[in-house]
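Everything on this sheet refers to the single structure shown next.
Only this structure's heavy atoms are used, side chains among them; waters, hydrogens and symmetry mates stay out. These figures come from a predicted structure and were not determined experimentally. Letters A, B, ... are given to chains in the order of the sequence lines, protein chains preceding strands, and every chain is numbered from 1.
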Amino acid sequence: MANRRIQERIPEGHDVLEQVGHWARTPACAYLGSTYGNRLKEVLFTPFNSGLAEEQAEKLPEDVPAVSMLPSDAVQLYVQHVDPDKTHLVLAIAGNPIVVEAK
Amino acid sequence: MLTREDFKQAGIDTLANYPELAVLYRMRDPILMQHLDAIATMLAMYSAQLEVGIMEPFLKVRDSTIFADAAMRGIIPAATPAKARLKVKNLGNEAHHLDAGRTLIDSNGLPWITISAVDIGANADAMVEANQYRTTAIKHTVRDTYPFYAIEIPKSADGAYLAGIYVYSDSHIFVFRDRYVNTWSGDPVFHVEADEKQRVYVRFGVSGVVGVQPNDGDEITLQLGYSHGAEAQPGHNSPFSFSYIQHPLDSQIELTMDAVLLSGQNPIDMATMRDIARYPAVYNRDAVYLGEFDFLIRSKFHSLKYLSVWNEGAEERARGASLDSINRLFIACVSPLETEAIISDRSLSYKITEENLTDTQKSIRQTIWDADDSYKVSFYAAVRFPVTVTITAKVSTNYAPADVKQQIKDIVLSAYGESSTAAKRRTQPTHQDLYALITSKVQALKSGNTELILTVGEIPVNTPEIWMYVAPNTLQITVETLKTLVPKWGY
């Protein structure tokens, strides 16, 4: 019994980041019967004012409930230009940046 | 059929065995949850396929088969509104007139509508009849017309059931014709049907073939009546009030409940639908096929406590030949209000005279005449006949005799008691059936070396109006325990 209690751990910040990383790697509707996942790749090809980027920032706390525990400005989505012609799409959770993979 | 939630819950229930995963589940970690979800969805799809694959051609047991069968037979889940007679007292000094169609509210808050107009003198009383329902009108604009265009009837938000439908548009007033019989092309006709999920639709015709097919943009109004069915039970002398005052003299009128004439009926329940699914034929209720009046009355008055319908053949076997019996249908029935004549001695069976017929009996007669008005109809008083059943059981000493006795009593009374389906349909409790029922359901009688002795009292077979059932006081059960020599090791 005591062994069990030692094994049970408290969730920490890196757990949340792992979950968000998983979300960032999963395209939307990848799992059968669920709309879980991101559509960030589409953001690059849709006009700015269509609001798709804001929708994705709102979708993240719905798909990953742990993020909804964070303050509302914890989720940031921005673009980083890297020399000479590359652009990184970065999803930052409470300051921790996650680069959305291009694959 | 197991749903995705069932499978997901089964997975979640085992998470307690894996403490690492339990932590992740508490966080609703999507890495765990999405896997579980996807597997549950896969299994649910497979379960749906299995469900569709299992067909029940003869003995219909599963709920989904019963619903599909009811949809095929054209059974619409509709309620019959309760009808009550109200006493109207005019406390004022002037005579007053109340129109039919006034809306009232009873002491339970249910809406009623008066169906007769009445004149009441000053300081006098009068009677008025009212039905428990309310009407709502919905306008539907036709978009994308197609042959046999259908409009779904919405369910009421307050839990009331559908009771009536009246359809009209700017150009036509639509008439109800079951299954488009006797309908020319261009006749404004509508048909009501329900699907296997018990959603009710109003369906129109096909232009150029039968009926009228609405055009795009047509506005069709459906006036729907919603009723609370059997839940409308105002107490005797309970007060009713007008929904709104139309005339200053209305405030001098006092309305109280006098009598319930027709008890309201909820939409047909699963048990009755299961019963009706046993009838093999599917036929048009406008003409009764091969004399299935029993089916006709049972499907329309499914809340009757007892119904027996017989023809001149059975009548003459019971009471001898008579010219009066030619072309006559005989009925004995007991409605949920139990206001019909019921006697206990079958030698005193008698036909009920016209002035003693209750409203339920008159409605039953009208239903028969709507289907086939060449028949004359007579009503007999139902005769209560509690069947004597004596049961002796010998069980091993492992079981408590009092428990086994109670178990047998519950089983027999639920299958053949006064309110059972068997009693409603005059199914005789035979030795074979009782024996099979008790031995299959009582655990104590399944092990070897037990004994079950049954005697069923004599039932007069030639009396069609008897209401036979097993009553608690005519059911005698004795349970004895046997000391049996069980082959075992030890002492």
Got B:V23 and A:P11 here, is their nearest side-chain heavy-atom distance under 4.5 Å?
yes
Quick one: does A:L32's side chain get under 4.5 Å of B:M45's, heavy atoms only?
yes
Greatest number of heavy atom pairs closer than 4.5 Å to chain A - which of B:R4, B:M33, B:Q34:
B:Q34
Can you name the residues of residues 65-99 of chain A that have some heavy atom under 4.5 Å away from a heavy atom in chain B?
A:P65, A:A66
Here the pair of heavy atoms bringing B:T41 nearest to A:G33 is CG2-CA, 3.9 Å
Name all residues meeting the ring pair (Phe, Tyr, Trp, His ring centres under 6.0 Å) criterion together with B:Y161; count only those two or more places apart in sequence or in a different chain, and write none if there are none.
none
For residues 139-147 of chain B against chain A, heavy atoms under 4.5 Å, the residues are none
Region of B:L24 that comes under 4.5 Å of a non-hydrogen atom in chain A:
side chain
Locate the shortest heavy-atom distance separating B:H35 from A:Y31; write the atom from each residue and the value.
NE2-OH, 3.7 Å
Mind checking which of residues 12-21 of chain A sit less than 4.5 Å from chain B, heavy atom to heavy atom?
A:D15, A:E18, A:Q19
